[in-house]
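Please read the structure below before turning to the comments.
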Amino acid sequence: MDVVVIGAGVVGLSAALMAQGRGLSVTVIDRAGPAAGASAGNAGAFAFTDILPLASPGIMKKAPGWLLDPLGPLSVPPAYALKIAPWLWRFWRACAPGAVAASTDAQTGLMDLSKAELEPFLAATGTAGMLFKRGNLQVYEGEAEFRASIPGWQARARHGIDFRHMGPEEMAEVQPGLSPRFTHGTFTPGWYSIADPKLYVLALADRFRAAGGVLRLGEVLAVQAKERGARVLLAGGEAVEAGKVVLSAGAFSHRIARTLGERIPLETERGYNTTLPADAFDLRMQVTFGGHGFVISRLTTGIRVGGAVELGGLDLPPNFKRSEAMLHKAKAFLPGLRTEGGVQWMGFRPSLPDSLPAIGPSRASRDIIHAFGHGHLGLTQSAGTARIVADLLTGAAPPIDLSPFNPHRF
Ligand SMILES: Cc1cc2nc3c(=O)[nH]c(=O)nc-3n(C[C@H](O)[C@H](O)[C@H](O)COP(=O)(O)OP(=O)(O)OC[C@H]3O[C@@H](n4cnc5c(N)ncnc54)[C@H](O)[C@@H]3O)c2cc1C
């Protein structure tokens, strides 16, 4: 067997398909089948314009106010506060201006690559019909909030991102139904979306199987490096031999990396949403309520309201009061929104402290490639990450400098 990919989320399956496209024989192993994790319930955005890291002076200004509201955009459950402290320390260090400039440059490179790779990848996998190019409208409550956003837009402009600021009349034209409390907006046309993130990953899985890929159920307990290749140990005692292994188990990847002797400070930013029936609102584009940490997205299968960051680890039970709190706000922000009949969801964003993913070889062996930690941007960066992984698997030079994404940079 040439390649074993651990994890059938959007990152693992995209990498598996690109590897398959290079003529490799690929098996994907997931403990729960395709689209079982964060890739199923996300907001469906290809947020290519979102190049600024979450770790930034801006978030440090907003965080104290946000933390005061237990159901607000950012929360740290007391039961997890001590455990998350080392990650928060690294996050804080990543907020230094020099670090932010470096991660913005790196993020821009990965975004540009991901955008360039996306449409050829969708065409090759028969999923091009699932892409929509409606853009994103970021809205602000008042002059002060808008003004505070301007340095961020200036930074995006320096990186070639196209956007347009709008007043209330133009906003009402492009997206009717917004509450008048939103006085300013910024439209980014280069923000795309997928019909439905779960259906997309399932379509990738179908395509992978149709092209001869093997997708199997199995809980990976450990990976062992060998002199050449690697061994993947499954619950139940089975060992799978592989020429190469790709570790893309989302927010659980650090647990598997640990079995290779690596300590990677991956944490999860838990996010919540509610998916309403498709006719709940006439949404023309994704709308981002940045001051409240959530978005509303149009999928072919519904209207999804959600976001928020809960630094609560992998084991605490979900607190769906967060989904309800965002839905309640969304009703105030879009008075015509019908909030009945929703389905709630929580997902684990796999997040590293500097808001960049880990992409590159394991320390234990160059035959083991890490591809995880995409935080808020796993769907967005899936095609670019897959391209890099396919290059690393086949010995080709990746098109961007991978040092900012080195899994061992912390
Ligand atoms: C509320 C919310 C909204 C979001 N919105 C967006 C968005 O609009 N755009 C965007 O780009 N990103 C968004 N994200 C982030 C995005 O969903 C993630 O970055 C992305 O899904 C990560 O993909 P992945 O393949 O790495 O992980 P996952 O999708 O979590 O897949 C990992 C897979 O590994 C499997 N696995 C784990 N451990 C093991 C094991 N030991 N053995 C076998 N299998 C294992 C799991 O079953 C799972 O299927 C959002 C996230 C949330 C929570």
Side-chain angles (χ1 to χ4, degrees), residues 4-16 28-48 50 54 110-111 114 118 136 191-194 197-198 200-202 204-205 215-223 232-235 240 246-259 266 268-275 286 288 293-297 299 304-310 314 318 322-323 326 344-352 355 357-359 370-386 389:
V4 167
V5 174
I6 303 170
V10 72
V11 174
L13 275 167
S14 303
V28 177
I29 303 177
D30 196 294
R31 62 183 173 199
S39 301
N42 63 51
F46 290 100
F48 294 122
D50 227 352
L54 193 70
L110 183 56
M111 289 295 203
S114 299
L118 179 66
N136 177 65
W191 178 299
Y192 304 162
S193 61
I194 201 76
K198 181 169 185 178
Y200 173 57
V201 176
L202 293 177
L204 295 184
L215 187 49
R216 55 167 295 186
L217 280 178
E219 165 127 36
V220 174
L221 296 183
V223 178
V232 178
L233 304 178
L234 302 184
V240 182
V246 178
L247 176 51
S248 48
F252 298 83
S253 300
H254 60 311
R255 291 184 173 171
I256 298 172
R258 189 79 195 93
T259 67
L266 186 74
T268 181
E269 294 177 63
R270 296 148 58 114
Y272 290 83
N273 57 37
T274 305
T275 306
Q286 179 157 317
T288 300
F294 76 94
V295 301
I296 176 163
S297 321
L299 309 174
R304 186 161 287 168
V305 179
V309 166
E310 182 187 54
L314 296 167
R322 297 194 183 290
S323 304
M326 286 183 279
Q344 296 174 327
W345 178 81
M346 188 271 278
F348 297 111
R349 298 185 191 91
S351 300
L352 287 157
S355 311
I359 311 173
H370 293 325
F372 56 81
H374 295 77
H376 295 237
L377 296 166
L379 172 67
T380 307
Q381 299 180 334
S382 51
T385 301
V389 169

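These numbers come from a predicted model, not from an experiment. This chain uses plain numbering: 1 for the first residue, then up along the sequence. Both ligands and their constituent atoms are indexed starting at 1 by order of listing.
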(message) Once ring pair (Phe, Tyr, Trp, His ring centres under 6.0 Å) is applied, do any residues pair with H370, and if so which ones, sequence neighbours excluded?
(response) F372
(message) Applying side chain to side chain donor-acceptor pair (under 3.5 Å), can you list everything that pairs with R304, at least two apart in sequence or on another chain?
(response) T275
Can an N or O of [X] be found at a distance shorter than 3.5 Å from an N or O of ligand 1?
{"X": "A43", "result": "yes"}
{"X": "Y272", "result": "no"}
{"X": "G378", "result": "yes"}

Using heavy atoms and a 4.0 Å limit, tell me yes or no: is [X] in contact with ligand 1?
{"X": "P197", "value": "no"}
{"X": "G306", "value": "no"}
{"X": "A47", "value": "no"}
{"X": "A251", "value": "no"}

(request) Could you tell me the residue and atom name of the protein heavy atom closest to atom 6 (C) of ligand 1, and the distance to it rounded to 0.1 Å? (result) N42 CB, 3.5 Å
(request) Verify, without hydrogens or angle tests, whether T380 (side chain) and A47 (backbone) share a donor-acceptor contact under 3.5 angstrom. (result) yes
(message) Applying a heavy-atom cut-off of 4.0 Å, say which part of S382 lies close to ligand 1: side chain, backbone, both or neither.
(response) neither
